[in-house]
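Below, chain A is the first sequence line, B the second, and so on; all start at residue 1. These numbers come from a predicted model, not from an experiment.
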2 protein chains.
Amino acid sequence: MTVQANMTDTTPVAPAALAEFEAEFADQLELAADAQDLLFRAARTANSFSDEPVTDDQIRAIYELVKYAPTAANSQPLRIVFVRSDAAKERLLPLMSEGNRVKTASAPVVALLAVDNDFHEEMPKVFPHAGETMRDSLAQNAEGRAAMARLSAGLQIGYFIIGVRAAGLAAGPMAGFDAEAVSLEFFPDGKHDVLVVVNIGKPGENPWFDRNPRLDFTEVATIL
Amino acid sequence: MTVQANMTDTTPVAPAALAEFEAEFADQLELAADAQDLLFRAARTANSFSDEPVTDDQIRAIYELVKYAPTAANSQPLRIVFVRSDAAKERLLPLMSEGNRVKTASAPVVALLAVDNDFHEEMPKVFPHAGETMRDSLAQNAEGRAAMARLSAGLQIGYFIIGVRAAGLAAGPMAGFDAEAVSLEFFPDGKHDVLVVVNIGKPGENPWFDRNPRLDFTEVATIL
């Protein structure tokens, strides 16, 4: 994949900026309005970060929350390297797209989110009642395994971004990096593919672009 | 993909059931504890549903919340058919894996979550400052486009499942269905692939299996 695109989401939108119809729908939800804002409406993809550190406890807290969200057959194929030290940053930065280097350098922590293509080895642990059968079946079906791994890893990346926001931090997800090089540099066994790199921290100066338009409900959905 | 697996997540876990270390980490988050439970810890994949209907307003409210979460270049490739009428259910049920038919029949609404393989046509709308260039570039790169579409659709499916829970509803995501047949039956243009089918409603009788184990932080993550 050579598409050099960031996950954009680009000025925090206060509840007052919502269209009237959106505010009405927001009232339909059980989740409190401030939590809706924290996770979805006011949250934005940050393009700069402050110096405030992200602690090990915050990193752990994100994982201990989002680990509970569902994956196919509880397979949990996502693996994560958190890059924080200067030494690790120096290995990462040259492999990022040029347009992403300054912001990635400014982020207190950068998460490399990878799919474990051999996730099936863990099935006896994560899916006890049928894990060995599933492991052996997946071992012989590389194509089905890859599709299952990519899909569940995608879900887990979605959960992870929500988890970063739940920690009161800004996430800056990016797809603009040399995926093969980053994967081999940080997962040298050759069995992992880094899918998304996420800058994490408190927003810095001028952190947001204007938010891009979202598709309307009627453009994406039908009720039959 | 012929892997016939459900997204398992299987008894609601009250906060008191958390390991002590998990409760400590939960305090590190900005998101309120009850919201953490609603979306992640107490939420479970339901295997049966009550008769309580899911309203159009609830369906809209889910979308109007989760539409704000980020995708690659704001591409938003997810498309959704909500199956609620008896007529639509009758078209769907024979295409589900046998083990999924009873629960899917019992769900007040079933969401078919599909990726639009021609999502690039919308880039001028969703990514105004460079959308035409990106559309044309993606039009000539079917492989890169497919990878971008699958990844962002995966993220959006993750957001959607969290959105269903935000509405106070249980989600039952499944990968066990005839994907090609469901895609063609409900997206007859041949340009969409249904990736996940999600039962939605209030939980019914005996709705949960025991929860399967989650991988420990140290099994999936490293801090460098």
query: Hey, does Leu39(A) have a side-chain heavy atom less than 4.5 Å from the side chain of Leu65(B)?
result: no
field: Criterion side-chain contact (heavy atoms from CB on, under 4.5 Å) on Ile162(B) and Phe40(A), from CA distance to verdict
entry: CA-CA 11 Å; Ile162(B) 301 300; Phe40(A) 290 99; 4.2 Å; yes
Largest heavy-atom contact set with chain A, pairs under 4.5 Å, which of Ile80(B), Val83(B), Leu169(B), Ile157(B): Ile80(B)
Euclidean distance, Gln28(A) CD relative to Ile62(B) CD1, rounded to 0.5 Å: 10.0 Å
message: Check this for me: Glu180(B), atom CD, are more than 12 non-hydrogen atoms of other residues, nucleotides or ligands nearer than 6.0 Å?
response: no
message: Please classify the contact of Leu78(A) with chain B as side chain, backbone, both or neither, using a heavy-atom distance under 4.5 Å.
response: backbone
Donor-acceptor pair, side chain of Arg79(A) and main chain of Val220(B), under 3.5 angstrom: no
message: Main chain of Tyr68(A), side chain of Arg214(B): is a donor-acceptor contact present, judged purely on distance under 3.5 Å?
response: yes
- prompt: With only heavy atoms counted, which part of Arg150(A) is less than 4.5 Å from chain B, the side chain, the backbone, both or neither?
  reply: neither
message: Can you give me the closest heavy-atom contact between Pro70(A) and Thr45(B), atom names plus distance?
response: CB-OG1, 3.8 Å
task: Using a cut-off of 6.0 Å, state whether more than 12 heavy atoms not belonging to Asp86(A) lie near its atom CG.
output: no
Contact class of Ile223(B) relative to chain A, heavy atoms under 4.5 angstrom: both
- request: First locate atom CG of Asn74(A), then atom CG of Leu215(B), and finally report the distance between them rounded to the nearest 0.5 Å.
  value: 7.5 Å
- prompt: So what's closer than 4.5 Å to chain A heavy atoms on Asp216(B): side chain, backbone, both or neither?
  reply: backbone
- request: Pick one of side chain, backbone, both or neither for Val66(A), based on which atoms fall under 4.5 Å of a heavy atom in chain B.
  value: both
- prompt: So what's closer than 4.5 Å to chain A heavy atoms on Ala35(B): side chain, backbone, both or neither?
  reply: both
Asp57(A) side chain near Glu24(B) side chain, heavy-atom distance below 4.5 Å: no
query: If you draw a 6.0 Å radius around CG in Asp189(A), do more than 12 non-hydrogen atoms from other residues or ligands fall strictly inside?
result: yes
task: Determine the option with the most heavy-atom pairs under 4.5 angstrom with chain A, choosing from Ala166(B), Ala221(B), Ala153(B), Ala111(B).
output: Ala166(B)
message: Does atom NZ (Lys191(B)) have a neighbourhood of more than 12 heavy atoms from anything else shown, all under 6.0 Å?
response: no
query: Considering only heavy atoms, which portion of Glu122(A) lies under 4.5 Å from any heavy atom of chain B: side chain, backbone, both, or neither?
result: side chain
Any side-chain heavy-atom pair of Thr222(A) and Phe82(B) under 4.5 Å: no
message: Given heavy-atom pairs under 4.5 angstrom as the criterion, report whether the side chain, backbone, both or neither of Ala61(A) touches chain B.
response: both
field: 4.5 Å side-chain heavy-atom contact, Val126(A) and Asn212(B)
entry: no
message: For Leu38(A), which atoms come within 4.5 Å of any heavy atom of chain B: side chain, backbone, both, or neither?
response: side chain
query: What's the spacing between Glu64(A) CD and Gln36(B) CD if we round to 0.5 Å?
result: 11.5 Å
statement: If one checks every heavy atom of Asp116(A) against chain B at 4.5 Å, the contacting part turns out to be neither
task: With a 4.5 angstrom heavy-atom cut-off, could you sort out which part of Phe217(A) is near chain B: side chain, backbone, both or neither?
output: both
- prompt: Which atoms of Phe186(A) come close to chain B, meaning under 4.5 Å heavy atom to heavy atom: side chain ones, backbone ones, both, or neither?
  reply: side chain
query: For the atom pair CD (Gln58(A)) and CZ (Phe25(B)), what is the distance rounded to the nearest 0.5 Å?
result: 11.5 Å
Selection from Glu219(B), Arg60(B), Gln156(B) maximising heavy-atom pairs under 4.5 Å formed with chain A: Arg60(B)
- request: Using atom types as modelled and distance alone, determine if a side-chain donor or acceptor of Gln76(A) lies under 3.5 Å from a backbone N or O of Pro213(B).
  value: yes
query: Where is the tightest heavy-atom contact between Leu224(A) and Ala88(B), given as atom of each residue plus distance?
result: CB-CB, 3.8 Å
